[in-house]
Each structure stands twice: as structure tokens, then as C-alpha cells.
Amino acid sequence: KNQIEQVTQFVKARHIAKSDPNGMIRACMELLSELSKEDHMRQGAVQVGDVYALLIELYFKQENMKHAYDVLKRMKACKIPFGPYIDQGMRKAIYQALTHLVSQYNNY
């Protein structure tokens with residue numbers, strides 16, 4: 001796909017986040033697949049970090065911290081800096097929620 005099509009797909013994914021979260025996730029996964037085939041050094045119209053951020057925001061709003069954390073781990077594995085894409089407060093809340101869940105599990 002060309003850059004215009006990628007931007008259109010990203011905007012559509014962002015737009016349907018509330019009405020069709022599963023559709024948004026599918027659109028993001030397709031975009032990530034397409035973007036991963038491109039040269040990572042080239043600055044495209046849609047950045048991989050933007051797509052990951054969209055997924056993290058959705059999972060955060062759904063209070064699905066495990067999935068949000070999994071996406072953060074994928075970003076880190078891809079060497080994508082969190083700062084430009086994910087608010088530090090959101091990252092902290094995700095980490096705290098997971099720490100609380102692990103603590104509850106260990107005390108069970």
C-alpha cells in the first residue's frame with residue numbers, strides 16, 4: 001500500500017475504536033504487518049509506534065492491562081522508544097496494575 005492508503009487505514013482504525021474495537025485491532029495488525037515489510041529507517045506517513053500506541057490506548061481504556069503490557073513489550077523488542085508515543089502516566093498505570101495482579105496471584 002502507498003502512504004496515503006496507510007494513513008487512511010490508520011485514521012479509519014482510530015475512528016472505529018469505540019464502535020468496533022475488534023475491527024480496530026484487525027486494522028492495526030494489518031498495518032503493522034505492512035509497515036514491518038518496509039524499511040524501518042525511512043520515515044513513513046504512519047509510524048509503527050503510532051499503531052502500537054493506538055492499540056495500547058484501546059487496551060488501557062478497556063482496562064485490559066495484560067494486553068497493553070504485551071504491546072509495550074513488542075514495542076521494546078522493536079527498539080521503539082516509548083516517550084514519543086505513550087504517556088508516561090499511562091505506562092506507569094499499566095505497570096502498577098500488572099504488579100497488583102501478580103501480587104494478588106502470589107497471595108492466592
Kindly indicate whether the side chain of L31, heavy atoms from C-beta on, has any atom under 4.5 Å from the side chain of E34. yes

State, with a plain yes or no, whether a side-chain heavy atom of R26 is found less than 4.5 Å away from one of D20. yes

Output the distance between atom OH (Y69) and atom CD1 (I94), rounded to the nearest 0.5 Å. 10.5 Å

E5 with K12: basic N within carboxylate O range, under 4.0 Å: no

Would you indicate whether the side-chain heavy atoms of I56 and H67 approach each other to under 4.5 Å? no

Rounded to the nearest 0.5 Å, what separates atom CE in M90 from atom CE in M65? 8.5 Å

To the nearest 0.5 angstrom, please state how far the CG atom of L58 sits from the CD atom of Q62. 4.0 Å

Using a 4.5 Å cut-off on heavy atoms from C-beta on, say whether the side chain of L55 contacts that of L32. yes

Could you tell me whether K66 and D70 make a salt bridge, using a distance below 4.0 angstrom between a side-chain N and a carboxylate O? yes

Using a 4.5 Å cut-off on heavy atoms from C-beta on, say whether the side chain of K18 contacts that of K61. no

Report yes if the side chains of I80 and K76 come closer than 4.5 Å at any heavy-atom pair, otherwise no. no

Side chain to side chain, Q47 and Y85, heavy atoms closer than 4.5 Å: yes

Roughly how far apart are Q9 CD and L35 CG, rounded to 0.5 Å? 8.5 Å

My understanding is that only one of V11, V51, V46 makes a side chain to side chain contact (heavy atoms under 4.5 Å, CB included) with Q6; could you say which? V46

Is it true that a side-chain atom of R14 and a backbone atom of L54 form a donor plus acceptor pair closer than 3.5 Å? no

Taking the side chain from T8 and the backbone from I4, do they hold a donor-acceptor pair closer than 3.5 Å? yes

Mind checking whether I25 and Y59 have side chains closer than 4.5 Å, heavy atoms only? yes

